[in-house]
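What you are looking at is a predicted structure, and each value in this text was computed from that prediction instead of being measured. Hydrogens, waters and symmetry mates are skipped; everything else that's a heavy atom, side chains included, is used.
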Amino acid sequence: MTITFSASAAPPEDALHHESAAEGNIEAAQRAISALLSALEGAADYDRILLRAAAGAGKSYALVRMVKEALGHENCARVGVTAFANKQVFPLAGDLGRELGASQVCLFVAKDRMPDVPQDVLDNVTVATSSGAIPETCAVILGTSHKMGAWGEPQRLLDRLGPAVNATLPFDVLFVDEAWQLPLHRYATVEGLAPLSVGVGDVGQLPPIDPGQNPWRGDPGYNPYRAWPTAYEDDEKTFAVDLPAVWRPTAAQLPLWRAFYGDWDRLDCVAAAGDRAIELPAMSGSVAEVWASVATGAPTLLEVDGLPEPEAPDIDPDLLGVVEDLLMPLLESGFAITRRRYDGAGRPLNEERITSDAPFGDPLIVVLATRNQAVDDATAMVDRLTDKYDLPAGVLLASTVDSWQGQTNAITVAVHPLSGADQLDEFNSAFGRLAVTCTRATHGLLMVARAGLDDLLGEAPARPGTPLGEPGSRSLPRQTHQRILTTFSRATLRLGSASR
């Protein structure tokens, strides 16, 4: 068994870090706030404001700031906050409750979802399971689009709360978190709750329904299943601005982030070199080389040659066997991560250390795959390793990529969406699917695949798309896949006949 490495892309020389990077986000958010206040004042004729972000840009922090600014204006007495899923609404409700007080923030949630609400959220909000139970004094009402846009719910909200300052609708502003995950047909159910919508989100997220094919007959320009902000990108009553810095990745991952958001004017990283580290146990051989590469903070791609042919791209226990072999020495001996903390302006504070025998916060390692069968196999592997090493909760998890979007972890171990494929299709080439896979990790990214990605991309028929890349829900052409791969530290593991 032999392994060979090639170097990753060098960190860009023009990158800004710490407060210099965060300042760009503060300025962009202020531009969005100014547009919001101008619309409330009547000085600007906007129906929508879009704050576009890359993965890990701190968009929820910006949304909380915008809610506070809106409520400080005399023409805004009440706002609604919505998103596609409760896993997005719950933490945002907690953040707003801590900022504004429980008496001002109401989490509007289905009764059968109450057991899912974390205790630290319950401690900071008022909870209502029906519109009739919402306190009239609450200034912020949060709920999913399915809850707030249910049949008859807008009228029930209006009957209960009365019109806001606009004198017609229950809210003066509707904020949409993770806006690029909310499909147009779901946004249509909540759009009428306020005269002004503010969408905040990662433009690289996958919408909950595949928008690749337009099922809407007779109107090729309209697709109810695509992310709703894309319907208004060229609308003159829409104001849009980008957050130009990311908080999540290591400095060494910035070339990868820039490869995904290549059409932006610039993209910087709050974390500087040395702000994050992975402390590895003593290991030897190929395993040690792989984890040493991951620990540099640069994205690492391990291609495995010599495996038996898989039953299908999503049924590949032999490739997962290699992943299991890599994880065992790391989990057996234990590891730790360190991270620099920052204040709200990106200035460095103290360093924090988390060990695998006493984890807290985000999961330490998450194994990601794109298809359900592969995730079932990965979950079985995680269960085996958890039992074998008696791992505490939070050390090792498995998930589909689609389910893990919006989540964060220290180390990602992911199966490349193109591994084992014989062509590029709508599913394995989705921008969002690859972007989510590559942008969950704060400390290290290890991508694994069967050998042959370069051959696949070199021989694949040309596909529609922009070779330079473009955030959004669409399939990627082969040139964009190739450009993204150049940012990785790449290794090829060649197995002998006696190996897996």
Side-chain angles (χ1 to χ4, degrees), residues 59-60 63-64 67 78-164 169-194 197-201 205-209 224-225 227-228 399-400 402-407:
K59 51 190 174 294
S60 294
L63 189 149
V64 171
V67 168
R78 190 186 305 124
V79 304
V81 181
T82 193
F84 184 76
N86 277 313
K87 68 180 180 180
Q88 298 152 356
V89 172
F90 290 167
L92 191 55
D95 291 342
L96 285 165
R98 282 183 283 273
E99 287 285 333
L100 302 173
S103 64
Q104 292 294 299
V105 177
C106 178
L107 175 59
F108 187 37
V109 61
K111 187 175 182 179
D112 61 355
R113 296 304 303 273
M114 278 291 296
D116 300 331
V117 184
Q119 188 59 48
D120 67 326
V121 175
L122 294 173
D123 292 340
N124 289 282
V125 301
T126 301
V127 177
T129 58
S130 67
S131 52
I134 299 175
E136 297 177 7
T137 56
C138 283
V140 183
I141 317 296
L142 299 100
T144 64
S145 60
H146 289 78
K147 181 66 173 175
M148 299 182 75
W151 181 259
E153 199 64 70
Q155 185 60 49
R156 288 191 290 272
L157 288 168
L158 185 60
D159 292 342
R160 171 59 179 169
L161 302 172
L169 303 175
F171 304 119
D172 292 307
V173 184
L174 177 68
F175 290 88
V176 185
D177 191 30
E178 299 294 0
W180 277 260
Q181 274 189 266
L182 188 69
L184 185 58
H185 74 283
R186 292 304 322 162
Y187 172 67
T189 67
V190 296
E191 180 182 13
L193 290 170
S197 293
V198 177
V200 179
Q205 292 277 37
L206 279 163
I209 301 173
Y225 297 102
W228 73 265
S399 175
T400 62
D402 297 50
S403 297
W404 199 248
Q405 59 185 337
Q407 309 298 306

Legend entry - Closest heavy-atom pair and its distance - Thr189, Pro154: O-CG, 4.2 Å

Inset, instruction - Please check if the side chain of Thr82 supplies one atom and the backbone of Gly143 the other of a donor-acceptor pair under 3.5 Å. - result: yes

Inset, instruction - State, with a plain yes or no, whether a side-chain heavy atom of Leu63 is found less than 4.5 Å away from one of Leu92. - result: yes

Inset, instruction - Give the intermediate values and the outcome of side-chain contact (heavy atoms from CB on, under 4.5 Å) for residues Val89 and Val81. - result: CA-CA 8 Å; Val89 172; Val81 181; over 6 Å; no

Legend entry - Flag for Gln181-Gln88: side-chain donor and acceptor within less than 3.5 Å: yes

Inset, instruction - Give a yes or no answer on whether the side chain of Arg156 reaches the backbone of Trp151 with a donor-acceptor pair at less than 3.5 Å. - result: yes

Inset, instruction - Scan Leu100, Asp177, Leu96 and name whichever one has a side chain to side chain contact (heavy atoms under 4.5 Å, CB included) with Val64. - result: Leu96

Legend entry - Main-chain N/O of Asn86 paired to Arg113 side chain as donor or acceptor, under 3.5 Å: no

Legend entry - Side chains of Val176 and Trp228 in contact at under 4.5 Å (non-hydrogen atoms): yes

Legend entry - Sidechain-backbone polar pair: Glu191 side chain, Ala188 backbone, donor-acceptor under 3.5 Å: no

Inset, instruction - Begin from the C-alpha positions of Asp116 and Phe90 and carry the test side-chain contact (heavy atoms from CB on, under 4.5 Å) through to its verdict. - result: CA-CA 9 Å; Asp116 300 331; Phe90 290 167; 4.1 Å; yes

Inset, instruction - Please test Tyr187 against Ser145 for side-chain contact (heavy atoms from CB on, under 4.5 Å), starting from the C-alpha separation and ending with a verdict. - result: CA-CA 7 Å; Tyr187 172 67; Ser145 60; over 6 Å; no

Inset, instruction - Would you check if Pro163 and Leu158 make a side-chain contact, meaning some heavy-atom pair closer than 4.5 Å? - result: yes

Inset, instruction - List the atom of Trp180, the atom of Val200, and the distance in Å for their closest heavy-atom pair. - result: CZ3-C, 4.1 Å

Legend entry - Heavy-atom side-chain proximity of Ser103 to Pro135 below 4.5 angstrom: no

Inset, instruction - Looking only at non-hydrogen atoms, find the nearest pair between Ala102 and Thr126 and report the distance. - result: O-OG1, 2.7 Å

Inset, instruction - Verify side-chain contact (heavy atoms from CB on, under 4.5 Å) between Val198 and Val67, making sure each step is shown before the conclusion. - result: CA-CA 10 Å; Val198 177; Val67 168; over 6 Å; no

Inset, instruction - Write down the atom of Met148, the atom of Val190, and the distance for their closest heavy-atom approach. - result: C-CG1, 4.1 Å

Legend entry - Min side-chain heavy-atom separation Val109-Val127 under 4.5 Å: yes

Inset, instruction - State whether the side chain of Arg78 and the backbone N or O of Pro170 hold a donor-acceptor pair below 3.5 Å, judged by distance alone. - result: yes

Inset, instruction - Specify whether Phe84 and His146 have parallel, tilted or perpendicular ring planes, treating 30° as the upper limit for parallel and 60° as the lower limit for perpendicular. - result: perpendicular

Legend entry - Donor-acceptor contact present, side-chain Lys87 to main-chain Gln407, <3.5 Å: no

